[in-house]
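Reviewing the structure listed below.
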Amino acid sequence: MRTFSKVTTVLLASSLLLAACSDAKEGASSSPAGKTGVSSSPDAKKEKLDLKWTVIADASSQLPSADKDFVKSAIEEKFNVTLKMTYLPLGQDYTNKLNTMIASGDIPDLFYAEGVPSNNYIRDGVARDLTGIVTPEKMPNYFKNWVTEANLKSYQVQSAFKRAPVPYETNYYRTFYIRKDWLDKLNLKMPTNYDELVNVMKAFTFNDPDGNGKNDTYGFTAAGSGTSVSMDFPEFLQNGLVGDTYVDGDQFIDVRSDIRMQNVLTDIKKLLDLKVVDPDWFLNKYGQHFDKAAQGKAGIVIGQGRDLAFDNNPAGLQMKSKQAGQTTADWEPFHPWEKTGTWVETIPGNPFLISSKTSDAKVQRSIEILDWLAGEEGFLLTRYGKEGVHYKRNGKTIEVNQDAYKKDVIDNNNFIEIYGWFTPRKPEVFGLNVVDPKITERDKKIVEKINSYKILPSVGTALTVKEGMDLGAMRKRMNELHIQVVYKDKDASNWPQYRQEIMTKFGGKAIFDNYAELATAAKGKTIKFKAEN
């Protein structure tokens with residue numbers, strides 16, 4: 001699952017940047033499917049509908065004017081709709097914007113949500129029951145290519161079928177990235193353990209790795225979004241805590257509330273005292289830490305995503321660094337814990353929901369579009385553009401036209417990624433072999449390196465809460481106490497009593513006992529949660 005903050009209350013005021021696409025109707029096209037990449041649809045003969053979707057998007061992506069948005073044109077023509085997309089990067093700003101829309105009665109017909117907020121929307125009657133709507137009959141591509149019925153069953157909360165998982169990346173491309181050129185300049189080797197990692201952070205902070213004669217670099221940066229202690233800190237792994245949740249023998253482990261967090265928080269405080277961490281890490285929203293790294297302000301960062309440091313990824317570290325004047329930047333993956341476990345296997349992540357106020361006709365049309373996005377035709381259009389223009393196809397081989405793709409997509413704020421919110425970039429799901437001239441030998445070595453890491457088994461099922469359990473309040477209090485230890489307490493000795501507050505007053509024990517029961521069913525053996533310190 002993707003590693004984002006799940007906190008529902010903002011500790012810091014933040015400005016919201018909202019970009020919405022034009023509502024202008026595109027003219028009908030008579031081009032054959034081979035030119036547009038879209039086949040005709042009987043929906044085009046149905047009543048025209050106005051649909052509003054709210055989805056996530058990278059901060060660097062923005063929809064272009066209607067005349068340049070060939071994806072919007074294709075969807076509107078194929079399904080006879082006017083589609084209005086509201087989009088923001090995933091995080092607290094996204095949740096705040098969505099909550100504001102809901103509170104004002106302007107509920108999107110379909111929307112993406114994080115796990116904890118989705119529970120609240122279900123509890124408050126915002127989300128519609130999906131029984132008879134999200135089915136293999138109505139969404140054959142979704143079930144055939146991405147999600148199983150078992151996934152769906154394990155994903156329900158509050159005894160209701162009101163959310164469904166967005167297709168997720170089963171390969172977990174999470175890794176440390178480091179400025180290899182800085183290592184070379186300072187005659188340092190790639191760190192292979194925690195002590196070496198900290199020593200490199202010191203050198204990157206105090207030994208002028210960029211050679212500009214200024215004390216303006218840091219060893220490490222992360223994103224706390226003003227709400228939480230980032231799990232990017234290596235002190236989690238150093239203390240044997242891998243991933244978010246896992247099963248150790250017959251014990252269910254919730255990492256961030258575990259008793260060993262006392263040692264994690266102690267070590268994080270020590271690292272911060274060394275002054276080797278970007279001092280804005282706590283305030284950084286997700287994505288801003290990558291921007292700082294690309295600007296040459298930090299030499300180590302954790303990221304996930306197969307192409308985060310690819311040579312020609314316009315939203316990635318390598319390309320952004322070059323654009324920021326870091327001409328020698330060479331971001332390379334590494335991981336001191338690559339042989340013992342870097343993360344856990346992925347389980348279904350965040351869901352999509354449909355408004356309980358949306359008409360049956362709009363529900364059906366949205367579901368048809370979603371299933372098209374989950375199929376080969378929609379996947380190709382929203383990932384590689386138009387056949388015959390942005391790529392050519394020979395059987396199962398897709399060859400990208402780099403110049404056309406750059407002109408129509410990348411130079412238009414990489415807008416196509418906004419429509420790709422529903423599917424991970426996994427052409428192998430459809431048996432496709434993509435030949436992309438932008439993929440360099442260096443890129444291939446990055447993927448090979450990350451794929452060599454050891455990934456530990458997951459709990460085996462989506463983790464859902466029962467009605468009456470307030471996961472959001474528990475996580476909010478947990479995060480507040482983490483921050484209390486890091487920034488206010490003289491040490492982490494209060495963590496055991498803080499943990500008991502989480503377990504008792506905020507219902508953590510009941511929640512994790514429930515998770516252990518789910519894991520028991522998935523693993524076929526008895527799993528228990530230990531709440532006592």
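Everything numeric in this text was worked out from a predicted model, so none of it was measured. One-based numbering along the sequence shown.
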### Task
Evaluate the side-chain contact (heavy atoms from CB on, under 4.5 Å) criterion for residues Val447 and Arg306: first the C-alpha distance (whole Å), next the side-chain angles of each, then the deciding distance (0.1 Å), finally the verdict.
CA-CA 7 Å; Val447 174; Arg306 180 173 175 271; 3.8 Å; yes

### Query
Would the number of heavy atoms belonging to other residues, nucleotides or ligands and lying under 6.0 Å from NZ of Lys144 be above 12?
no

### Message
Strictly below 4.0 Å, N to O, side chains only: are Asp109 and Lys84 in salt-bridge contact?
### Response
no

### Shortest non-hydrogen contact from Asp129 toward Lys162
CA-CG, 3.7 Å

### Residues Lys392, Asn401; criterion side-chain contact (heavy atoms from CB on, under 4.5 Å); working and verdict
CA-CA 7 Å; Lys392 62 180 180 181; Asn401 183 327; over 6 Å; no

#### Entry: Distance in Å, Thr175 OG1 paired with Trp343 CH2, rounded so as to fall on 0.5 Å steps
12.5 Å

### Message
Looking at every heavy atom in both Ile178 and Pro191, which two are closest together, and how far apart are they?
### Response
CD1-CD, 4.0 Å

### Message
Looking only at side-chain N and O atoms, does Trp331 offer a donor or acceptor that is under 3.5 Å from a partner on Ser321?
### Response
yes

### Task
Answer yes when Glu76 and Lys48 have at least one side-chain N-carboxylate O distance shorter than 4.0 Å, and no when they do not.
no

### Message
Within the 4.5 Å heavy-atom criterion, are Leu308 and Phe290 side-chain neighbours or not?
### Response
yes

### Message
Against the six-membered ring of Tyr384, is Arg425 placed for a cation-pi contact (under 6.0 Å from the centre, within 45° of the normal)?
### Response
yes

### Query
Hey, are Lys396 and Glu376 close enough for a salt bridge, meaning a charged N less than 4.0 Å from a carboxylate O?
yes

### Message
Working note: Thr382 + Phe422, criterion side-chain contact (heavy atoms from CB on, under 4.5 Å); need CA distance, chi angles, decisive distance, verdict.
### Response
CA-CA 10 Å; Thr382 58; Phe422 193 61; over 6 Å; no

### Message
Side chains of Glu387 and Leu380, heavy atoms from C-beta outward: is any pair under 4.5 Å?
### Response
no

### Sidechain-backbone polar pair: Lys362 side chain, Asp50 backbone, donor-acceptor under 3.5 Å
yes

### Query
Do Phe176 and Trp337 come within less than 4.5 Å of each other through their side chains, counting heavy atoms only?
yes

### Query
Does a salt bridge link Lys97 with Asp93, judged by any charged N lying under 4.0 Å from a carboxylate O?
no

### Query
Atom CG in Asn412, atom CG in Leu63: separation rounded to 0.5 Å?
10.5 Å

### Task
Test Phe204 against Phe220 for ring pair (Phe, Tyr, Trp, His ring centres under 6.0 Å), laying out the working first.
CA-CA 9 Å; Phe204 281 1; Phe220 178 70; over 10 Å; no

### Task
Taking all heavy atoms of Thr423 and all of Ala374, pick out the closest pair and write down the distance.
CG2-CA, 4.1 Å

### Query
Under the 3.5 angstrom rule, does the side chain of Gln402 hit a backbone N or O of Asp436 as a donor-acceptor pair?
no

## Note on the structure
Rounded to the nearest 0.5 angstrom, the NZ-CG distance for Lys285 and Asp280 is 11.0 Å

### Message
Check this for me: does any side-chain nitrogen of one of Glu114 and Arg475 sit under 4.0 Å from a carboxylate oxygen of the other?
### Response
no

### Task
Could you verify whether a donor N or O on one side chain and an acceptor N or O on the other, from Tyr419 and Asp69, lie under 3.5 Å apart?
yes

### Query
Salt bridge between Glu338 and Lys449, side-chain N to carboxylate O under 4.0 Å?
yes

### From CA spacing to verdict: salt bridge (charged side-chain N to carboxylate O under 4.0 Å, His left out), Arg256, Asp244
CA-CA 7 Å; Arg256 290 173 293 163; Asp244 198 21; 3.1 Å; yes

### Task
Determine whether Pro165 and Tyr142 make a side-chain contact, defined as any pair of heavy atoms from C-beta on separated by less than 4.5 Å.
yes

### Query
Any sub-3.5 Å donor-acceptor pair from Asn145's side-chain atoms to Gly375's backbone N or O?
no

### Message
Using a 6.0 Å distance limit plus a 45 degree cone around the ring axis, check whether Lys438 lies over the aromatic ring of Tyr405.
### Response
yes

#### Entry: CG on Asp408 to NZ on Lys406, rounded to 0.5 Å
11.0 Å

#### Entry: pair Trp53-Leu83: side-chain heavy atoms closer than 4.5 Å
yes

### Message
So, applying side-chain contact (heavy atoms from CB on, under 4.5 Å) with Leu110, which one of Thr358, Ile354, Ile369 is it?
### Response
Ile354

### Query
Given the rule in the side-chain contact (heavy atoms from CB on, under 4.5 Å) test, do Val301 and Lys292 qualify, once you have shown the distances and angles that lead to the verdict?
CA-CA 10 Å; Val301 68; Lys292 286 192 172 185; over 6 Å; no

### Query
Is NZ or CZ of Lys386 both nearer than 6.0 Å to the six-membered ring centre of Phe70 and within 45° of the ring axis?
yes

### Task
Tell me yes or no: between the side chains of Asp58 and Tyr286, is some donor less than 3.5 Å from an acceptor?
no

### Query
Shortest non-hydrogen contact from Ala127 to Ile122?
CB-CG1, 4.1 Å

### Message
Just verifying a value: how many Å separate Ser228 OG and Phe282 CZ, rounded to the nearest 0.5 Å?
### Response
7.0 Å

### Query
Salt bridge check: are Lys444 and Glu441 linked by an N-O gap of less than 4.0 Å?
yes

### Task
Would you please indicate yes or no on a ring centroid separation below 6.0 angstrom for Tyr112 and Tyr87?
no

### Message
Minimum heavy-atom separation for Met190 and Leu183, please, with both atom names.
### Response
SD-CD1, 3.8 Å

#### Entry: Lys320 vs Gln326 side-chain heavy atoms within contact, under 4.5 Å
no

### Summary
Taken to the nearest 0.5 Å, the spacing of Lys153 NZ from Thr148 OG1 works out to 11.5 Å

### Query
Is Glu399 salt-bridged to Arg393, going by a charged N under 4.0 Å from an acidic O?
no

### Query
Are the aromatic ring centres of Tyr453 and Tyr172 under 6.0 angstrom apart?
no

### Query
Do the two ring centres, one from Tyr218 and one from Trp281, sit under 6.0 Å apart?
no

#### Entry: Short side-chain to backbone donor-acceptor contact, Tyr168 and Val147, under 3.5 Å
no

### Message
Counting C-beta onward and ignoring hydrogens, is there a side-chain heavy-atom pair between Tyr173 and Pro333 closer than 4.5 Å?
### Response
no

### Query
With a 4.5 Å limit on heavy-atom distance, are the side chains of Met231 and Val255 in contact?
yes

#### Entry: Nearest non-hydrogen partners of Ala222 and Asn284, listed with the distance
O-ND2, 2.9 Å

### Task
Scan side-chain atoms only and decide if Thr328 and Asp181 contain a donor-acceptor pair under the 3.5 Å cut-off.
yes

